[in-house]
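Note that the numbering runs from 1 along the sequence shown for the chain. When reading the values below, keep in mind they use all heavy atoms of this one structure, side chains included, and skip hydrogens, waters and symmetry mates. Just so you know, ligand 1 is whichever comes first in the structure, and atom 1 is the first atom listed for that ligand.
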Amino acid sequence: MIDVLVIGGGPAGVVAALRAADSGANTALITRDEFGGMAANDGPVPVRTLAHAARLIRESRQLGRYGIVVGEPVLDYQRLLERVREVVDDVRAHSTFRRQIDSVNVAVHENTGCARFVDPHTVETASGLRLSADKIIICTGGVSRRLACPGSEFTATHSDAWALTCVPPSMIVIGAGATGAQVASIFNAFGSNIQLFHAGPRILPTEDEEVSVAVAAAFRESGILVRENFGVIESFAKTPAGVQMTFTKDGNRESVEASVIVSAIGWVAETSTLDLAKANVETNKRGFICVDEFLRTSALHVFAAGDVTGRLMLVPQAIQDGFVAATNAVCGLTLKLPDQAAPIGSFTDPEYAQVGLTETKARETHEVITAIIHFDSTTRTIIDGRTDGFCKLIVDRETRQILGCHVVGERAVEITQVAAVAMSGNMRVDDLARVALSFPTYAGVLGRLAATVSRQLNLNVNPGRIL
Ligand SMILES: Cc1cc2nc3c(=O)[nH]c(=O)nc-3n(C[C@H](O)[C@H](O)[C@H](O)COP(=O)(O)OP(=O)(O)OC[C@H]3O[C@@H](n4cnc5c(N)ncnc54)[C@H](O)[C@@H]3O)c2cc1C
């Protein structure tokens, strides 16, 4: 019997296996597909590559403004897909995790097909591999939630969207969370006629309200038809030119049609084939594996990490989970999940990003002071001709702690990294105002905001932040 068996080769599983082996455990990792999981093969890496192509298209449209004369950009989608494959291979080939995991002799079994429990300590894979372990860490990630209505088999998921061999003339995207917004934004840049349907009152519902409003306005401006509060879907049907969706709102029935309909209505745990009952591992109402603060499941020898637990479903959190779960599996219950600033962002056009509390949430529990700077008044954005957007800082009036930062516009994701570092380091707003951030930079807006808030609080900081 081995000491630790990790199921799933995404960021959570890879770090869990590495940490278990580093801690002295005889460790094996099995994964249904290739090493790297969704992050490398189907999520952030391919998506970012497509988003970069979309960025290049919009950058190229600026060239004339700076006196550089070229023609209208033409997208060779086949070549772009080749580039996506090159990037995925390149990232995988340069994975330091792979080298590290091999160097500590973790037995890695890739492409095993689905694994399932046959008893509490034994797992069997579709490929016929059978392994028993003292401790097991489940890191099987998640999958797109499917719509449950007639004809839903005619809809695609984000994975199908990336696999398209040509840019569809038109696309309906259902669900305007992070994934739906990205699909809509990328294919809009590639020339598809996009309709973005969102059941709730505002797109990007977990973002600060001002961010949702600004991104929706920018999407509309760029030609995306954004339909919030659209009603309830009744059915889908195949048509000669694509797929038709029928929905009702306030008793009125309407039909819309597009070449492709992409459903991006959420994420569920990938546990369907694991036969968790054989190991007495319980799931919650939403289907995610229940874990305690040590990432231990209802079975005391089984841990779970990453998307399969349904917390913040992002790569950094999956990595952190893998480390915590493996530490506790090997060394006993010694490490709790830290309560840390978690920056989240998306590479849409415009980009948006956040860290910490939204203004509404912050006001529920704090006396807050906020400041906003619009990108039409910061030097770098003016230089780069990227003057749409804003950065908002939310600060506790009494403690001066930074509670949240929300950005829409160019380099939004990078700007929030700086805010996250300040928050993680427990910097007060006046501490941040004293950092001499480089000029002219995108992140420099944070220094200016911090100085603005500090001044409003009558704190003694350098008043020179006017840029
Ligand atoms: C379109 C998209 C864009 C994203 N963009 C970002 C981003 O920009 N930044 C970010 O931080 N996050 C992003 N994410 C989320 C991120 O990809 C996930 O949070 C992360 O991959 C979760 O890691 P994980 O290890 O928990 O699961 P996964 O990466 O999903 O890995 C799970 C692994 O388990 C294996 N597996 C599943 N079932 C079984 C089984 N029964 N037996 C054996 N193996 C199994 C799979 O083959 C896979 O290797 C994005 C996701 C999507 C869909």
Return yes or no for this condition: an N or O of T112 is under 3.5 Å from an N or O of ligand 1. no
Nitrogen or oxygen atoms of A305 and ligand 1 under 3.5 Å apart: no
How close do L295 and D321 get, heavy atom to heavy atom, and via which atoms? CD1-O, 3.3 Å
From the candidates P11, G306, G8, the one that places a heavy atom nearest atom 23 (O) of ligand 1: P11
For D307 and W267, the nearest pair of non-hydrogen atoms, with its separation, is OD2-NE1, 3.1 Å
Atom 31 (O) of ligand 1: the protein heavy-atom neighbour that sits closest, reported with distance to 0.1 Å: G10 CA, 3.4 Å
What do the steps show when you test F190 against L50 for side-chain contact (heavy atoms from CB on, under 4.5 Å), and what is the final call? CA-CA 10 Å; F190 294 166; L50 293 176; 4.3 Å; yes
Is it the side chain (CB and beyond), the backbone, both or neither of F35 that lies under 4.0 Å from ligand 1, heavy atoms counted? neither
Parallel, tilted or perpendicular: which fits the ring planes of F187 and Y77, with parallel below 30° and perpendicular above 60°? tilted
N/O to N/O below 3.5 Å, does that happen between F347 and ligand 1? no
Numbered in order shown, the ligand 1 atoms found under 4.0 Å of a heavy atom of G37 are 29 (O), 31 (O), 48 (C), 49 (O)
Near V47 (heavy-atom distance under 4.0 Å), the atoms of ligand 1 are 1 (C)
Under 4.0 Å from any heavy atom of T273, which atoms of ligand 1 are there? 41 (N)
Under 4.0 Å from a heavy atom of W267: give me the atoms of ligand 1 that qualify, with their elements. 53 (C)
Identify, for atom 44 (N) of ligand 1, the protein heavy atom at the shortest distance, and state residue, atom and that distance. R32 N, 3.0 Å
Can a salt bridge be assigned to the pair R98 and D102 using a cut-off of 4.0 Å between side-chain N and carboxylate O? yes
Taking heavy atoms and a distance under 4.0 Å, where does L274 meet ligand 1: side chain, backbone, both or neither? side chain
Scan side-chain atoms only and decide if S222 and N188 contain a donor-acceptor pair under the 3.5 Å cut-off. yes
Checking a contact table here: which protein heavy atom is nearest atom 42 (N) of ligand 1, and how many Å away? A115 N, 2.8 Å
closest protein heavy atom to atom 51 (C) of ligand 1 is M38 CE, 3.9 Å
Please check whether T31 reaches ligand 1 - meaning an N/O of the residue sits under 3.5 Å from an N/O of the ligand, judged on distance alone. yes
Grab the two heavy atoms, one from T140 and one from E270, that are nearest each other, plus how far apart they are. OG1-O, 2.8 Å
Once you restrict to heavy atoms under 4.0 Å, what part of D33 touches ligand 1? Side chain, backbone, both or neither. both
Strictly distance-based, threshold 3.5 Å: is any side-chain N or O of R146 a donor or acceptor partner for the main-chain N or O of S263? no
S438 and T441: side-chain donor and acceptor closer than 3.5 Å? no
Under a 4.0 Å heavy-atom limit, does I7 contact ligand 1 with its side chain, its backbone, both, or neither? side chain
Of all the non-hydrogen atoms in the protein, which one sits nearest to atom 25 (O) of ligand 1, and at what distance? A12 N, 3.0 Å
Answer with yes or no after comparing the ring centroid distance for F230 and F197 against a 6.0 Å cut-off, counting only values under it. yes
Nearest protein heavy atom with distance in Å, relative to atom 8 (O) of ligand 1: R48 NH2, 2.2 Å
Thinking salt bridges, do R79 and E82 make one under a 4.0 Å N-O criterion? yes
Any side-chain donor near an acceptor of the partner, S132 and T122, under 3.5 Å: yes
Can you list the atoms of ligand 1 that are under 4.0 Å from a heavy atom of E270? 37 (C), 38 (N)
Heavy-atom donor-acceptor pair, R202 side chain to E207 backbone, under 3.5 Å: yes
Using a 4.0 Å heavy-atom cut-off, which part of T140 comes near ligand 1: side chain, backbone, both, or neither? both
At a 4.0 Å threshold, what atoms of ligand 1 neighbour a non-hydrogen atom of C139? 32 (C), 33 (C), 34 (O)
Per-atom contacts, ligand 1 versus V315 - under 4.0 Å to a heavy atom: 10 (C), 11 (O), 12 (N), 16 (C), 19 (O)
Atom 13 (C) of ligand 1 - nearest protein heavy atom and its distance: P44 CG, 3.4 Å
In the protein, what heavy atom is nearest to atom 15 (C) of ligand 1, and what distance, to one decimal place, separates them? M313 O, 3.5 Å
Can you list the atoms of ligand 1 that are under 4.0 Å from a heavy atom of L314? 10 (C), 11 (O), 12 (N), 19 (O)
Donor on one side chain, acceptor on other, Q182 and R48, under 3.5 Å: yes
Check this for me, if you would: do E351 and R411 make a salt bridge, where the nitrogen-to-carboxylate-oxygen distance has to be below 4.0 angstrom? no
